[in-house]
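Below: one structure, written as structure tokens.
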Amino acid sequence: MNRLLDEIEKGTKEALVKKRIILCSIHNGESTIAELSKEIDMSVPTTTKILNEMCSSGTMYECGKLETNGGRHPNLYGLNPDAAYFVGVDIKQFAVNIGIINFKGEMIDLAMGVPYEMKNSPEALSKLMDIIHQFIEKQVIDKTKILNIAVNISGRVNSESGYSYSIFYFEERPLADILREKLGYRVTIDNDTRAMTYGEYIAGCVSKEKDIIFVNISWGLGIGIIIDGKIYKGKSGFSGEFGHVKSYDNEIICHCGKKGCLETEVSGSAMYRRLMEMLKGGATSSLSKKWAKNELITMDDIVQAVNKEDVLCIDLVEDIGRQLGEHLAGIINIFNPEMVIIGGTLSLTGDYIMQPIIAAIRKYSLNLVNKDSVIVPAKLKEKTGIVGACMISRLRIFEY
Ligand SMILES: [Zn+2]
């Protein structure tokens with residue numbers, strides 16, 4: 001068994017304290033003994049004793065001294081980068097992003113845009129396993145130090161039980177268990193939007209904000225909710241299914257099986273459908289040639305077309321932004337968040353989508369309420385999901 005896991009999974013009181021020290025270090029970075037003892041609510045001598053043990057086992061290390069104005073400079077302690085590694089996997093509609101971080105949270109290898117077509121089939125699952133195996137195979141680290149692989153899955157996911165109900169639900173047992181068997185490592189799964197929310201929270205645009213709504217407008221549409229600094233999951237982990245709120249009297253069947261869902265008009269897949277309809281109807285775009293040749297048009301192609309000032313794609317993304325803003329106004333009225341982060345593939349169109357979202361929110365939410373909310377694009381951009389997956393991969397080992 002891995003030495004670090006052995007240290008924290010003994011079930012003793014001391015092992016629990018060690019977990020708490022690690023969690024504090026994950027969320028607060030390097031700390032002094034005084035800061036740690038306050039955070040974990042233990043005396044300084046006890047904290048010192050346990051910390052010394054963690055330093056001699058190589059889990060923590062002394063990483064410098066706190067700069068103070070005169071007087072003593074207390075030692076700073078942090079997570080030893082080489083003590084463990086964590087893999088994250090972010091599945092997109094037409095690609096997979098995969099990365100690995102060290103214990104400190106630094107990305108040591110990242111493969112963005114590995115070609116892959118997301119289909120809800122056993123073949124697609126097996127292709128995904130190959131991609132993960134190949135990525136781990138080429139890592140030059142001690143592989144027994146890889147403590148977890150976290151996979152972002154869209155739709156209904158219960159991260160605690162490991163069940164995925166929307167995607168890869170072929171067997172009557174948790175998907176996390178199936179993946180664990182196939183990969184030979186611990187595996188946890190999480191809803192993709194929630195992983196992105198955590199990525200921005202811990203390594204993106206969030207500084208001190210504690211009440212946050214993260215909007216993931218990619219192929220689908222979902223939100224992540226942080227209340228008082230904690231990710232809100234709901235009873236079984238299904239919170240944030242914003243895209244499946246009945247919003248339109250259209251006849252479009254959503255992939256969830258119902259019709260008129262918000263996602264049928266406000267999402268990357270809706271934009272894709274409308275673009276195809278318009279191209280078929282004779283509208284022209286920089287993507288017309290590709291379409292005429294029957295080549296695959298991906299979300300990245302569409303985002304690129306917008307950013308290269310393709311008028312048809314700009315019209316579509318602006319319209320989607322306006323409708324998203326109208327519906328977000330209601331969310332803002334309900335949650336009164338400090339920050340609303342717009343993330344996901346369509347957010348990569350920058351101002352083209354941000355301006356109509358902001359204008360519609362200002363127009364349709366209550367003035368007094370929306371004054372509290374800053375509306376910002378995700379800072380990690382296309383890496384929000386993969387950074388989130390890697391960070392959650394580390395968090396899961398120490399949180400339960
Ligand atoms: Zn739906």
Side-chain angles (χ1 to χ4, degrees), residues 86-93 96-99 116 118-122 124-126 128-129 131-132 148-183 185-202 213-227 230-245 254-258 261-263 267-269 343-345 384-397 399-400:
F86 305 87
V87 174
V89 181
D90 187 37
I91 310 167
K92 300 281 173 208
Q93 189 59 35
V96 168
N97 302 326
I98 178 162
Y116 178 72
M118 176 57 216
K119 283 188 179 145
N120 196 10
S121 68
L125 181 61
S126 137
L128 181 68
M129 296 301 100
I131 292 172
I132 299 173
N148 193 26
I149 300 173
V151 185
N152 293 352
I153 304 270
S154 65
R156 264 74 68 213
V157 172
N158 185 330
S159 58
E160 281 174 49
S161 68
Y163 269 101
S164 163
Y165 296 95
S166 311
I167 304 292
F168 300 146
Y169 188 33
F170 311 126
E171 289 179 46
E172 199 34 75
R173 60 188 184 124
L175 176 63
D177 290 356
I178 299 169
L179 299 186
R180 208 166 294 171
E181 272 173 28
K182 289 184 192 286
L183 293 168
Y185 290 92
R186 281 191 191 210
V187 179
T188 52
I189 60 169
D190 249 284
N191 170 268
D192 52 354
T193 301
R194 215 167 291 131
M196 293 168 90
T197 308
Y198 185 65
E200 282 295 322
Y201 185 66
I202 200 158
I213 298 291
F214 176 89
V215 181
N216 175 18
I217 178 152
S218 295
W219 189 251
L221 175 68
I223 58 172
I225 305 159
I226 292 180
I227 297 176
K230 289 204 171 65
I231 292 191
Y232 178 78
K233 294 182 185 168
K235 183 176 182 295
S236 306
F238 308 150
S239 69
E241 291 292 354
F242 184 44
H244 302 289
V245 174
C254 182
H255 68 87
C256 72
K258 306 196 185 299
C261 289
L262 182 54
E263 197 171 294
S267 64
S269 53
T345 315
T384 305
I386 187 58
V387 170
C390 290
M391 292 297 177
I392 271 204
S393 183
R394 179 177 62 161
L395 177 71
R396 286 282 175 257
I397 295 297
E399 109 183 308
Y400 297 123

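Just so it is clear, the structure is predicted and the values come from calculations on it, not from any experiment.
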Self-check item: N/O donor-acceptor pair under 3.5 Å between S218 side chain and G344 backbone
Solution: no
Quiz item: Does the side chain of L175 come within less than 4.5 Å of F170's, by heavy atoms?
Solution: no
Quiz item: Any side-chain heavy atom of R396 within less than 4.5 Å of one from D190?
Solution: yes
Self-check item: Minimal non-hydrogen separation, A389 against A150, with atom names
Solution: O-CB, 3.5 Å
Practice problem: Check whether any side-chain heavy atom of I397 sits under 4.5 Å from a side-chain heavy atom of R186, and report yes or no. | Solution: yes
Quiz item: Do the side chain of N148 and the main chain of S393 share a donor and acceptor less than 3.5 angstrom apart?
Solution: yes
Quiz item: Can you tell if the side chain of N120 reaches within under 4.5 Å of the side chain of F168, non-hydrogen atoms only?
Solution: yes
Quiz item: Short question: side chain of R156, backbone of F238 - any donor-acceptor pair under 3.5 Å?
Solution: no
Quiz item: Distance from S126 atom OG to I131 atom CD1, nearest 0.5 Å?
Solution: 10.0 Å
Quiz item: Looking only at atom types and distance, does a side-chain atom of S239 sit under 3.5 Å from a main-chain N or O of K233, one as donor and one as acceptor?
Solution: yes
Exercise. Sort out for me which residue in V151, I149, V187 forms a side-chain contact (heavy atoms from CB on, under 4.5 Å) with V87.
Key: I149
Quiz item: Under 3.5 Å, is there a donor-acceptor pair between the side chain of T193 and the main chain of G224?
Solution: no
Quiz item: Got a second to check how far C390's SG is from L395's CG, nearest 0.5 Å?
Solution: 13.0 Å
Exercise. Determine yes or no for a side-chain-to-main-chain donor-acceptor pair under 3.5 angstrom, with R194 supplying the side chain and G237 the backbone.
Key: yes
Quiz item: Which word best sums up how the rings of Y163 and Y165 line up, parallel for under 30°, tilted for 30 to 60°, or perpendicular for over 60°?
Solution: parallel
Quiz item: Okay, side chain of N216, backbone of L221: is any donor-acceptor separation there less than 3.5 Å?
Solution: no
Quiz item: Does some side-chain heavy atom of M118 sit less than 4.5 Å from a side-chain heavy atom of I167?
Solution: yes
Quiz item: For the atom pair CD1 (I386) and CD1 (I91), what is the distance rounded to the nearest 0.5 Å?
Solution: 10.0 Å
Self-check item: L179 side chain reached by M129 side chain, heavy atoms, under 4.5 Å
Solution: yes
Quiz item: Do I226 and F214 have side chains that get closer than 4.5 Å, going by heavy atoms?
Solution: no
Quiz item: Is the closest side-chain heavy-atom distance between H244 and H255 below 4.5 Å?
Solution: yes
Quiz item: So how far is it from I217 CD1 to I223 CD1, rounded to the nearest 0.5 Å?
Solution: 12.5 Å
Quiz item: Between OG1 of T384 and CE of M196, what distance do you get to the nearest 0.5 Å?
Solution: 5.0 Å
Quiz prompt | From CD1 (I178) to OH (Y169), nearest 0.5 Å | solution = 10.0 Å
Quiz item: Taking the side chain from D192 and the backbone from D90, do they hold a donor-acceptor pair closer than 3.5 Å?
Solution: no
